[in-house]
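Accompanying notes for the structure given below.
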Amino acid sequence: MKPSAGAIGAAAVLAISLGSPVSGEARAADPSGIPAPEGAAPWVVATPRGDACLVTPEVVRLSGTQSAPGNRGSMTLTQPGSPFEITVDDSGFQTFDIEIQVDRLRRRGGAVYVAWAAKPELDEWMQLGTLGEENRLAARIAWNQFLVFVSEEASTDIERWQGPIVLTGLSPSGRLHTMAGHGPFEAMNCQLYF
Amino acid sequence: MARRVAAGAAFQALLWLTGAPASGQQHAGHMMATDSMGAVWRMPPQPIPMPMMLPGLMGAVPGVTPYLPDAGHDPAMLPEAVFREVVEMADGDTLRLKAGFVRRTIGMRTFTMYGFNGQYPGPLIRVPQGAEIIVLFTNHIDLPTAVHWHGLRLENEFDGVPGVTQDPVEPGESFMYRVHFPDAGLYWYHPHHREDIQQDLGLYGNMLVDAPAADYYGPANGEDFLMLDDLLVDEGGLFPWGREAAIQTLMGRFGNQLLVNGEPRWEATVRRGEVRRLYLTNVANTRTFNLVLEGAELKLVGADVSKFERESFVSNIVLAPAQRYIVDARFDEPGTYALLNPIQAIDHFNGRFYPQTDTLGIVTVLDEPVAEDHGEAFSTLREHADVIEDIDRYRAEFGRPIDHELELTARVGDLPSDIVAVMAIDTLYFPPVEWTDAMPMMNYLSTSENLIWIMRDAHTGKENGDIDWRFTEGAVRKIRIHNQRRSFHPMQHPIHFHGQRFLILSRDGVPSDNLAWKDTVVIPVGSTFDILLEASNSGRWMAHCHIAEHLEAGMSMVFTVDPG
Ligand SMILES: [Cu+2]
């Protein structure tokens with residue numbers, strides 16, 4: 001999706017904030033220009049997987065947050081195997097195998113990074129798992145529309161996120177809201193994801 | 001400032017596209033598009049209420065004349081259709097098949113519709129594998145027609161495709177079909193001429209081809225044939241079709257009354273512990289079903305043209321138009337079990353999905369044990385050595401390079417420019433599958449004259465009727481089909497190859513691990529499927545999207561299989 005005229009400003013800001021792609025495990029200068037919080041490790045930059053922007057609707061960007069502005073990653077969605085060509089569950093929800101790859105994450109010593117998915121109404125959520133050393137995580141989900149986010153936690157033994165959110169993203173269907181008067185994700189800056 | 005105004009107009013247009021109120025804002029002056037028989041265009045029924053519509057398009061109607069079967073005539077004068085008969089036939093037998101008008105009572109309402117031999121659905125033709133029958137077909141409806149024998153690898157000249165294998169059968173005329181049944185399994189027949197109208201009005205029937213082996217399938221206590229359909233009705237009765245050309249070509253015609261075997265509710269009574277074999281066929285114009293039989297265990301046994309290599313337990317069954325599945329269901333506990341169609345529909349206005357579940361039927365399980373308990377056989381998943389051995393002959397070809405590549409996309413003609421402008425920016429997200437008509441007004445105004453659905457040969461750039469694939473009988477070819485996400489309004493397409501069979505090798509690069517021979521593969525939006533087509537049957541054959549309105553809007557091609 002090429003950004004429309006109205007999106008160019010946001011896209012440009014995004015490009016500046018991310019800096020140019022860096023390959024390999026490397027220690028990079030803080031790309032956001034925001035000083036690291038006290039006790040935080042330098043940026044960990046993993047090998048980027050192609051265009052950091054939205055490549056296809058099956059790969060969506062995970063972005064940093066106000067409390068962790070330089071973080072970034074991606075979520076790849078694929079259809080799991082099924083005897084049918086269309087994989088939905090017995091409620092009609094599309095089933096996805098998702099793979100989260102965090103390309104840049106400021107890790108705090110001793111912290112664990114837990115990924116979550118939540119429905120737009122935030123009435124249901126699930127823990128997807130913990131980011132491994134490779135900053136990767138795989139999970140299966142049968143929701144059509146959801147937020148994905150990573151929180152920084154002291155322990156994985158939690159039922160709900162407690163620490164700061166350090167990465168967020170939307171399922172591809174999150175883009176529905178840009179045509180429909182900002183529905184479920186109205187607090188999000190949608191342009192961030194394209 | 002200018003952008004703000006434009007955005008406001010686009011937003012209003014979107015609201016209008018996604019739906020409009022059924023009353024209160026209609027300009028009667030715009031609504032007078034009436035055909036000579038009294039059919040009138042009116043706003044299509046809305047799945048969910050929407051608050052506004054674009055003023056400039058208020059009252060707009062499709063650019064074709066509305067059509068209703070035998071409109072203006074009294075349905076009371078027509079014979080009431082009767083439930084279909086099972087016609088067991090042997091090799092060499094002859095069946096007389098007549099397409100004609102019938103009176104149908106659906107719910108509490110009476111409609112003028114079509115039927116084969118005065119039945120709904122058409123007669124269920126049951127034959128032994130290898131049989132050949134003669135069908136003497138006569139057309140007593142008001143439109144030219146023909147009968148296509150879906151999924152059968154029969155002789156090309158009897159495939160029933162006007163313009164490819166025969167001339168249409170004009171009203172009052174007849175045609176003799178010689179129908180051959182080489183493969184065991186579940187098939188169906190339907191018109192291949194304006195099927196957006198004719199099939200929708202009730203011209204469809206099943207064919208079951210029995211294998212010689214008694215244990216071809218696992219044991220079952222009984223069988224049910226379920227033809228899944230929908231019908232679009234409003235306060236005025238049947239919603240009109242387009243006379244000169246199909247309407248609703250954007251999404252296909254979604255009905256708002258779901259039907260099983262032509263009835264709003266399928267009912268069955270079984271004993272506790274019974275295993276029922278369900279023969280499922282989707283005969284809807286465009287609707288894909290997601291079937292759940294609440295509380296029953298479901299075992300998937302077979303698909304279009306063969307059994308699967310291995311049986312598997314499933315929680316739901318997803319059938320696109322023209323697809324068939326053979327499923328065994330076991331009912332362990334007494335009570336009632338609902339046959340449901342749970343889907344997640346899209347609400348474009350609020351940018352979210354909402355659940356929608358229709359009840360298609362009820363199975364009552366008596367607290368009385370079945371005489372012959374097949375529970376143990378049911379709980380065992382069988383491996384079908386016959387299918388595996390048959391497919392083994394083709395496995396060496398699985399890794400062959402892509403021989404042909406099709407892209408599925410759409411092109412706009414003279415749709416109202418306001419709509420095109422809004423649709424042009426509606427490219428941020430498309431669901432893999434459209435389960436309902438989320439844009440009924442937009443769909444209503446699209447016809448086969450202002451929207452073209454396209455199968456494009458990615459290697460030659462040729463489209464639809466210009467594609468000229470040639471195979472030699474016995475050839476095996478790998479075909480990649482990609483459903484382009486970046487088109488005017490992408491949608492899933494059930495692609496059907498006539499007269500042949502194929503295997504689905506992979507989807508989105510992931511190899512299939514349990515194969516069955518098929519004749520129709522549904523490609524979700526954005527997906528890429530590789531199929532292995534066995535060109536086993538010579539002639540000039542059609543391949544096309546089985547959404548009736550997409551077919552009418554151009555989405556078909558012809559390929560030739562030369563005798564080997
Ligand atoms: Cu189609």
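Every chain is numbered from 1, with letters handed out A, B, ... down the list of sequences. All of these numbers come straight from a predicted model, not from anything done at the bench.
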(Q) At a 4.5 Å cut-off on heavy atoms, which part of S315(B) comes close to chain A: side chain, backbone, both, or neither? (A) both

Q | chain A interface, residue from N341(B), I343(B), L291(B) that has the most non-hydrogen pairs under 4.5 Å | A | I343(B)

Q) Between Y113(A) and E153(A), does any side-chain donor sit less than 3.5 Å from a side-chain acceptor? A) no

Q | chain A contact via I504(B) - which portion, at a heavy-atom distance below 4.5 Å | A | side chain

(Q) What part of S506(B) gets within 4.5 angstrom of chain A, counting heavy atoms only: side chain, backbone, both, or neither? (A) neither

Q | Under 4.5 Å from any heavy atom of chain A - which part of V292(B) | A | side chain

Q) Under the criterion ring-ring contact (aromatic ring centres under 6.0 Å, His included), which of W161(A), W143(A), F149(A) is the partner of W125(A)? A) W161(A)

(Q) Quick check on P432(B) against chain A: is it the side chain, the backbone, both or neither that has a heavy atom closer than 4.5 Å? (A) side chain

Q | Segment of S512(B) engaging chain A (4.5 angstrom heavy-atom cut-off) | A | neither

Q. Which bit of I523(B) is near chain A, if near means a heavy-atom gap under 4.5 Å: side chain, backbone, both or neither?
A. neither

Q: Using non-hydrogen atoms and a 4.5 Å limit, figure out which bit of T357(B) sits close to chain A: side chain, backbone, both or neither.
A: neither

**Q.** Exercise: do N135(A) and R107(A) side chains pair donor with acceptor under 3.5 Å
**A.** yes

Q) Just checking, any donor-acceptor pair under 3.5 angstrom between side chains of T409(B) and E407(B)? A) no

Q) Taking atom types as modelled and ignoring hydrogens, do the side chains of N316(B) and N290(B) form a donor-acceptor contact shorter than 3.5 angstrom? A) yes

Q: Could you grab the distance from atom CG of D508(B) to atom OG1 of T78(A), nearest 0.5 Å is fine?
A: 8.0 Å

Q: Give, as side chain, backbone, both or neither, the part of S82(A) having an atom under 4.5 angstrom from any heavy atom of chain B.
A: both

Q.
Heavy-atom cut-off 4.5 Å, strictly under: side chain, backbone, both or neither for Q323(B) against chain A?
A. side chain

Q) Considering only heavy atoms, which portion of N514(B) lies under 4.5 Å from any heavy atom of chain A: side chain, backbone, both, or neither? A) neither

Q) How far apart are the C-alpha atoms of F430(B) and H489(B), what are their side-chain angles, what is the distance that settles it, and do they pass the ring pair (Phe, Tyr, Trp, His ring centres under 6.0 Å) test? A) CA-CA 8 Å; F430(B) 291 103; H489(B) 180 85; 5.2 Å; yes

Q: Would you tell me whether Q145(A) and S171(A) have side-chain atoms, one donor and one acceptor, within less than 3.5 Å of each other?
A: no

